[in-house]
Number of protein chains: 2
Amino acid sequence: MKNYNNQKKVLLAVDCIIFGFDKKNLKILLIKRDFEPEKGHWSLMGGFLKTDENLDEAATRVLNHLTGLDNVYMEQLRSYSALDRDPVERTVSVSYYALINIEEHSTLNESFSAKWFNIEDKPDLIFDHNLMVKNAMSRLRYRASTKPIGFELLPEKFTMKQLQTLYEAILGETLDKRNFINKINGLDILIKTEEKDMGSSRKGSYFYTFDEEKYKVKVSDGFAFKL
Amino acid sequence: MKNYNNQKKVLLAVDCIIFGFDKKNLKILLIKRDFEPEKGHWSLMGGFLKTDENLDEAATRVLNHLTGLDNVYMEQLRSYSALDRDPVERTVSVSYYALINIEEHSTLNESFSAKWFNIEDKPDLIFDHNLMVKNAMSRLRYRASTKPIGFELLPEKFTMKQLQTLYEAILGETLDKRNFINKINGLDILIKTEEKDMGSSRKGSYFYTFDEEKYKVKVSDGFAFKL
DNA sequence: TTTATAAATGTATTTTTTACACTTCCAAAT
DNA sequence: ATTTGGAAGTGTAAAAAATACATTTATAAA
């Protein structure tokens, strides 16, 4: 048998839930659809799978096309396959979420009319994209409490306050400052720099960086990140 | 626009990781492939997505075709899309896992030469099916400790010992009997029947059933299953 | 009636999580 | 030079959860 004859093929797309953090709020990057149907409505950035790429590559390409970024943390979520999910044509879509450091992308590709929204102020999205975002949030919450992915959303140097604010935004709950810092310090995977952020207070607060090497060594010794 | 022209379609398949439990071991149901390539090798049960069904329906159909079972617990896992994953033709596959009560399926569809394997004795599988099984195991472990899905693998009535053995098989670790029973009883979602299983000892051990109604009420009151 | 075997049961200890308040530092204002 | 305001930084006691652990009980078979 040279191929699977008589089997029907289907359009396969990827849709990206792009998360960012502006030191205050968890954000999501959306684009304004400029063609019918649903023209003018907000949507996730997406694209079709090409024959010479796998899904990870398609998601990476689509993300790069909008943001210009490479080497972004992405993770596949799941497939959406309701028969009528896309009114134009039967399309199965695989969702991915991306975590990007907002400061890093200089300019968004203008042609998509993209805009960052606070996750709480997200507009209603087309098709099943609202569901995709909801599911992505729940995966992000889980992942953030078992893997040190939060740092993907922060600049290289960050303060404890920023880190706590980020986790509060992801988990959707307020955390006790002392308990949070004690827990983080207990993990022993951050480096305290000499530098201070003088923007937030007279006293200033120390910048930290994530010690990825140390983390990897600890993991290989059986350490499991847990927040 | 009536459809997305110029976009290439792709074959989309589902593959099922079918778990069972025979009161002793966690098992997986595999089929023997009877056509080239890889003829004679073991494989997951799978099938192609049809144009008039979504992925859940495809997975349900495929499972039913092999086992004759309906109303089986299934959960979508993830997509596999490596360009050369299927040597016959480019195919993207979405994996699902199913939890079935082994006693329930009277007869397997003979035409697939299906066989139950202890999960530890699983043979090498075709394509990327080994990876699919590995990922399914890890999802099963997570799910089993946060949702009461273990009962899907057990008969209506089961003993505490059987339940513990099941969880040990899923989690891959031995558990302390008293702590296990205390924890389960603490959840307060089982009904202790009057009946005893006399097969395992002179004394006999009580049968329990899962109180799904009570569980649902508790969940709606904010209760979260956690083992 | 003795014996063998799995079933059933509770508590003390350790670990983890939570709750909670005062002092320090420094720029800006006086 | 001194005061002031505001966020940064820090530790401990109490509560809750997880763990370790050993004896008695019920029954069929010998």
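Letters A, B, ... are given to chains in the order of the sequence lines, protein chains preceding strands, and every chain is numbered from 1.
Counting to the nearest Å, the C1' atom of C:dA7 and the CD atom of B:Q164 are 12 Å from each other. Protein atom CG of B:L175 is 11 Å distant from nucleotide atom P of D:dA20, rounded to whole Å. Rounded to an integer number of Å, the gap from A:R178 CZ to C:dA19 C1' is 8 Å. For A:L187 and C:dT16, the CG to C1' distance is 14 Å, given to the nearest whole Å. Here the C1' atom of nucleotide D:dT10 and the NZ atom of A:K183 are 18 Å apart, to the nearest Å. Between the CG atom of A:D176 and the C1' atom of D:dT12 there is a distance of 13 Å, rounded to whole Å. One atom, CD1 of B:I184, and another, P of D:dA18, lie 13 Å apart when rounded to the nearest Å. Residue A:D197 contributes atom CG, which lies 11 Å from atom C1' of D:dA8 at whole-angstrom precision.
No donor-acceptor contact under 3.5 Å links the side chain of B:K203 to the base of D:dA26. Side-chain atoms of A:R202 stay outside donor-acceptor range of the base of D:dA8, with no qualifying N/O pair under 3.5 Å.
Figure legend: cation-pi geometry between B:K115 and B:F117, with NZ or CZ positioned under 6.0 Å from the six-membered ring centre and within 45° of its axis.
Along DNA chain D, the nucleotide nearest to A:N179 and the one nearest to A:S205 differ in position, and the one closer to the 5' end is contacted by A:S205.
Note on B:D197 versus B:K157: no salt bridge recorded, every NZ/NE/NH1/NH2 to OD/OE distance being 4.0 Å or above.
By the neighbour-count criterion of 12 heavy atoms within 6.0 Å, atom NZ of A:K161 is sparsely surrounded, having that number or fewer from other residues, nucleotides or ligands.
A side-chain donor from one of A:N135 and A:Y80 sits under 3.5 Å from a side-chain acceptor of the other.
Contact between the side-chain N/O atoms of A:S201 and the OP1/OP2 oxygens of C:dC26 is not found at any separation under 4.0 Å.
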